[in-house]
Amino acid sequence: MVDFPPAGQFNLHQTRALLSALGHSPRHPLGQNFLVDANIVRKSLQLANVSSGDVVVEVGPGLGTLTGAMLAAGATVYAVERDPVLARHLSEKLVPLYPGTFFLTEGDAMDCPLAQLPPLVSQDFKIVANLPYAISTPWIDAVLEGVLPASMVLMLQREAAERLTAQPGGKEFGAISVALDAAYVQVPGHKVPASCFFPPPKVESCLLHLRRRENPRKLKPDTRKVIRTLFLHRRKQIGSIIKRLDEKPACLESWLEILPKWDATSMTRPEAVPLVAWYALDDMI
Ligand code: SAM
């Protein structure tokens with residue numbers, strides 16, 4: 001029988017023992033690389049400044065390593081876990097230890113990106129998660145459409161983090177970079193070696209720390225749709241892409257005309273259009 005360590009942190013030995021007690025092998029399609037390094041758990045909580053009374057959303061609590069540490073710090077945690085074996089383990093072991101502060105949903109984070117967090121009238125919330133890599137970008141996209149958390153500390157594949165925080169001019173810059181920059185500033189994060197996980201992933205990971213801007217901009221759904229469409233042809237000139245679109249907002253042509261305000265023209269490629277020009281488009285839509 002493997003019980004929760006006091007702060008909920010499982011080292012490699014405890015993780016293997018718990019998985020074996022559950023008769024569970026890590027499922028690659030669900031991105032099951034469990035954190036086994038207490039320093040990284042501590043660092044995640046520290047970056048997010050998780051304190052007593054905080055409300056935190058977590059995607060993929062897994063065996064409960066981060067979750068247990070956040071609950072022990074006095075936070076209230078809303079989590080969503082897709083794997084039924086892990087969800088049952090958490091329901092049996094962790095939920096009873098924290099009645100009233102741990103709320104677990106068994107399901108897909110793409111159906112409930114904020115883990116069924118009830119509408120909070122007066123309180124902000126944070127997100128802390130070691131994300132399943134396969135859903136990290138679409139999930140963040142979904143989060144940016146809802147009530148915006150005050151901050152996010154996310155364990156991500158390095159490439160995904162680079163895409164999210166890319167600036168105009170490079171091949172990583174895309175629709176998600178525009179939407180994220182509109183609402184969040186990136187605070188220096190932290191590289192995380194593969195040895196901090198079991199099993200160790202074949203990709204590099206990093207902790208990304210995002211803080212909501214003082215005046216965050218939530219792009220309109222129509223703006224996001226247009227930007228996504230334009231980035232499907234990222235290497236073409238923006239004027240010629242727009243010319244060929246069947247359905248488009250009327251303001252796109254006038255936006256093209258004012259692009260020179262930001263040192264761009266109809267011949268610029270979407271990947272080189274400055275952020276401020278995308279925000280102007282959002283104002284016009
Ligand atoms: N938080 C744990 C940790 O740090 O050790 C586990 C993190 S592991 C990288 C990702 C977790 O997300 C796994 O528990 C996996 O089952 C869960 N997961 C994968 N896809 C999911 C989805 N679509 N919705 C909710 N949870 C998912």
Side-chain angles (χ1 to χ4, degrees), residues 4-10 31 33-81 90 94 97-98 101-105 109 112-118 120 122-133 135-137 139-144 146-158 160-162 164-165 180-181 183-193 196-197 205-214 216:
F4 263 83
Q9 295 170 15
F10 295 101
N33 302 99
F34 302 103
L35 261 176
V36 293
D37 186 300
N39 285 328
I40 298 298
V41 173
R42 241 189 326 270
K43 184 82 193 169
S44 308
L45 267 69
Q46 205 181 59
L47 287 175
N49 189 21
V50 174
S51 333
S52 182
D54 277 355
V55 175
V56 184
V57 166
E58 186 188 7
V59 167
L63 296 170
T65 298
L66 267 175
T67 331
M70 295 195 285
L71 290 165
T76 294
V77 179
Y78 290 82
V80 52
E81 172 56 59
L90 292 167
L94 200 52
L97 289 181
Y98 294 96
T101 54
F102 182 32
F103 302 93
L104 177 69
T105 300
C112 51
L114 295 184
Q116 315 259 34
L117 176 75
L120 299 164
S122 58
Q123 199 180 357
D124 242 331
F125 69 101
K126 302 173 177 177
I127 298 184
V128 179
N130 174 11
L131 288 173
Y133 293 157
I135 64 159
S136 54
T137 304
W139 171 80
I140 290 173
D141 215 17
V143 167
L144 293 174
V147 186
L148 298 174
S151 66
M152 298 191 247
V153 171
L154 307 172
M155 181 75 75
L156 290 162
Q157 196 173 335
R158 186 172 57 83
E162 283 171 3
L164 290 173
T165 57
L180 190 72
D181 184 272
Y184 286 89
V185 278
Q186 183 197 351
V187 187
H190 197 72
K191 268 197 206 155
V192 182
C196 295
F197 304 90
S205 306
C206 73
L207 267 177
L208 182 67
H209 183 192
L210 301 163
R211 201 169 44 220
R212 192 178 59 208
R213 291 187 183 280
E214 234 167 77

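Predicted model, so just to flag it, every value in this text is computed and none were measured.
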Note to self: For Leu94 versus Gly68, what's the shortest heavy-atom pair and its separation?
What the structure shows: CD2-N, 4.1 Å
Checklist line | side chain to side chain contact (heavy atoms under 4.5 Å, CB included) assessment of Phe197 paired with Asn130 | finding: CA-CA 10 Å; Phe197 304 90; Asn130 174 11; 3.8 Å; yes
Notebook entry, point to check: When rounded to the nearest 0.5 angstrom, what distance separates OH in Tyr184 from CG in Leu148?
Noted result: 4.5 Å
Margin query: If I take atom CD from residue Gln157 and atom CE from residue Met155, how far apart are they, to the nearest 0.5 angstrom?
Written below: 12.5 Å
Under 3.5 Å donor-acceptor pairs involving side-chain atoms of residues 38-49, not counting sequence neighbours:
from: Asn39; atom 1: OD1; to: Arg42; atom 2: NH2; distance (Å): 2.4
from: Ser44; atom 1: OG; to: Ile40; atom 2: O; distance (Å): 2.7

Notebook entry, point to check: Looking at Phe125 and Val147, what are the two nearest heavy atoms and their distance?
Noted result: CZ-O, 3.5 Å
Notebook entry, point to check: Quick one: CG on Leu104 to CG on Leu90, what's the gap to the nearest 0.5 Å?
Noted result: 5.5 Å
Note to self: Does Leu71 form a side chain to side chain contact (heavy atoms under 4.5 Å, CB included) with Thr67? I'd like the steps, not just the answer.
What the structure shows: CA-CA 6 Å; Leu71 290 165; Thr67 331; 4.1 Å; yes
Next item on the list: Might you work through the side chain to side chain contact (heavy atoms under 4.5 Å, CB included) test for Val57 and Val143, ending with a clear yes or no?
Entry: CA-CA 11 Å; Val57 166; Val143 167; over 6 Å; no
Check: Mind checking what makes side-chain contact (heavy atoms from CB on, under 4.5 Å) contact with Val36, not counting sequence neighbours?
Finding: Leu12, Thr15, Phe198
Notebook entry, point to check: Does CZ in Arg211 sit with more than 12 non-hydrogen atoms of other residues, nucleotides or ligands closer than 6.0 Å?
Noted result: no
Checklist line | Residues which pass ring pair (Phe, Tyr, Trp, His ring centres under 6.0 Å) with Phe103, listed by chain and number, not counting sequence neighbours | finding: Tyr78
Notebook entry, point to check: If you measure from CG on Leu208 to CG on Leu180, what distance do you get to the nearest 0.5 Å?
Noted result: 7.5 Å
Item checked: Non-hydrogen atoms of Phe102 and Ala79 that approach each other most closely -> CE1-CB, 3.9 Å
Check: What are the two closest heavy atoms between Val59 and Pro132, and how far apart are they?
Finding: CG1-CD, 4.0 Å
Check: Roughly how far, to the nearest 0.5 Å, is NZ of Lys191 from CZ of Arg158?
Finding: 7.5 Å
Next item on the list: Enter the distance from Lys126:NZ to Met152:CE here, rounded to the nearest 0.5 Å.
Entry: 13.5 Å
Notebook entry, point to check: Should Cys112 and Thr105 be marked as a side chain to side chain contact (heavy atoms under 4.5 Å, CB included) after you check the CA-CA gap, both sets of side-chain angles, and the distance that decides it?
Noted result: CA-CA 9 Å; Cys112 51; Thr105 300; 4.2 Å; yes
Margin query: Taking Ala129's backbone N and O only, do any of them form a donor-acceptor pair with Glu58's side chain (distance below 3.5 Å, no angle check)?
Written below: no
Checklist line | Closest non-hydrogen atom pair, Ala183 against Pro216 | finding: O-CB, 3.8 Å
Checklist line | Nearest atoms (heavy-atom pairs only) where Tyr133 meets Leu156 | finding: CE2-C, 3.5 Å
